[in-house]
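Computed from a predicted structure; not experimentally measured. Counting convention: from 1, in listed order, for ligands and their atoms alike.
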Amino acid sequence: MEGIEIQGGRRLAGEVRISGAKNAALPIMAASLLIPGPTRIHNVPRLHDVLTMLELLRLLGVAGDHEERSLKLDARDLVSTEAPYDLVRKMRASVYVLGPLLARFGRARVSLPGGCAWGPRPVDLHIKGMRQLGAKVDLEHGYIVARADQLKGARIPFEKSSVGATGNVMMAATLARGLTRIENAACEPEIVALADFLIAAGARIRGHGTKTIEIEGVDALHPTTFTNIPDRIETGTYLAAGAITGGEIICTGTRPDLLEIVLARFREMGCRVECEGDRIRLVQEGRLRAADVETAVYPGFPTDLQAQFMALLCVAEGIGVIHETIYPDRFTHVPELARLGAEISVHGNVATVRGSRSLQGSPVMSTDIRASSALILGGLVANGTTTVSRIYHIDRGYEAIEEKLSALGADIRRIEVDAPLR
Ligand code: EPZ
């Protein structure tokens, strides 16, 4: 099994090019199912999750070519409308094919995604939305079985904000008859990018980026070419690498406007942060100061940067409190950070971190994409050697992470590790 080994203590400095946003690329790839012809998507990150989505689309009959960081997809002739369990269990985002298949072909059979490291990941809001658009949806032997001769526009008030459910319903509504009004919609930049892609393909959408999105159904979408937005979570992760090692990092090809609250938190912890165009420069001198973090829907602090900021707090001066409000228990990284010597206590969805002057390198195990990056951040600053196992998690969400960190001066390499006896 592959792992990553880090010799801690290096100060990181230099420029890092940010890849395309994973959480925009995946729904946009699924949206290609709505289009009876070629779709080109640029600035697609080279990630396992993108390959998994491409595998699923090809299984459905989409012609797909992956050229460097662009994708050419053609959903002209599909052969299936079923997303099987062995693919969906690998990547929850596979559920994004539900809306497009239902809207264009009137039927879809999509496996329920199951859970993940930090608990159940329900899709009840996706299912409720499809029913409100007029679909008949049943759960049969672990699959969502949906049918609809013609989807009809409807008012869809979400009782809680969901990125995935907003994207799925928005995609389905593009071909529904009449007006759909999504209320309490997700405002994440990845949903805005999905809407921009759909509009480029002929959809009629307004209000994306706000809590109320209106979609006027059309008869068909048409081929288009689209350039994906940069990844705000990858950006925050590399800035955190500069912050935790007392270094100087310049992220290029990114969008500072997509992570304003995160940049404010870096400044609160003592970092100097400057933005210019598509570049963000972070300089950290001396020890970080602790700060509190409460995750929230966009434009609040992103839950996908919670683990990385917990790593920063592990070596910051003072006590920082993290309140995770999006997921019931997204703290699987806590016991692994504790193996590095971190002092963290958890009560419910609140973690209190008492910063230490130093961490000690240790073998640790990653449990999900963002927990993996938090453990790597810890390893960058720990004394001695840190080995992170089950590193396939990080390959799902970070393109060439050890190459990018090595280029910034980290002593990091991929190794073979025995599967932990747990
Ligand atoms: C997206 O997941 C992201 N994934 C996640 O990033 C991210 O953590 C999450 O949004 C929140 O920002 C992708 O975009 C591929 P949600 P999603 O629906 O759509 C509950 C990463 O590391 N909920 O906004 O699944 C849900 O359990 C990943 O890149 C329901 O109850 O998230 C959670 O508590 C991890 N019923 C909350 O809503 C539903 O039908 C937010 O989930 C759907 C969600």
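- Between Tyr327 and ligand 1, at least one pair of N/O atoms sits closer than 3.5 Å.
- Inspection of the Arg232 and Tyr298 side chains reveals no N or O donor paired with an N or O acceptor under 3.5 Å.
- By the 4.0 Å heavy-atom criterion, Gly397 is excluded from the residues contacting ligand 1.
- Residue Gly164 has at least one heavy-atom neighbour below 4.0 Å for each of these atoms of ligand 1: 18 (O), 19 (O).
- Counting heavy-atom neighbours within 6.0 Å of Asp138 CG, excluding the residue itself, gives a total above 12.
- Among the atoms of Ala93, none of the N or O lies under 3.5 angstrom from an N or O of ligand 1.
- Side-chain contact annotation: Asn168 with His126, donor-acceptor N/O pair under 3.5 Å present.
- Inspection of the Glu15 and Thr252 side chains reveals no N or O donor paired with an N or O acceptor under 3.5 Å.
- Residue His126 touches ligand 1 through backbone and side chain together, judged by heavy-atom distances below 4.0 Å.
- At least one N or O atom of Arg370 sits closer than 3.5 Å to an N or O atom of ligand 1.
- Between Tyr96 and ligand 1, a contact under 3.5 Å exists for no N or O pair.
- Within the 4.0 Å heavy-atom criterion, both parts of Ile326, backbone and side chain, lie near ligand 1.
- Between Arg330 and ligand 1 there is a heavy-atom distance shorter than 4.0 Å.
- The shortest heavy-atom distance from Lys160 to ligand 1 is under 4.0 Å.
- At least one donor-acceptor pair under 3.5 Å links the side chain of Asn184 to the backbone N or O of Phe158.
- The Asp304 neighbourhood of ligand 1 comprises atoms 5 (C), 6 (O), 7 (C), 8 (O), 21 (C), 22 (O), 28 (C), 29 (O), 35 (C), with distances under 4.0 Å to a heavy atom of that residue.
- Side-chain atoms of Ser70 and His42 form a donor-acceptor pair, as typed in the model, at a separation below 3.5 Å.
- At a 4.0 Å heavy-atom cut-off, ligand 1 touches Asp124 through backbone and side chain alike.
- Closest non-hydrogen pair, Leu375 versus Glu336, comes out as CD2-CB, 3.5 Å.
- For the 3.5 Å distance criterion, the side chains of Lys152 and Thr180 fail to qualify, holding no donor opposite an acceptor.
- Judged by distance alone, the side chains of Arg330 and Thr303 do bring a donor and an acceptor atom under 3.5 Å apart.
- For ligand 1, none of its N or O atoms has an N or O atom of Ile369 under 3.5 Å away.
- A side-chain donor-acceptor contact under 3.5 Å links Thr295 and Glu324.
- The distance from ligand 1 to the heavy atoms of Val123 drops below 4.0 Å at these ligand atoms: 39 (C), 40 (O).
- When non-hydrogen atoms are compared, ligand 1 lies under 4.0 Å from neither the backbone nor the side chain of Ala165.
- Atom numbering of ligand 1 starts at 1 in the shown order; those under 4.0 Å from a heavy atom of Lys22 are 21 (C), 29 (O).
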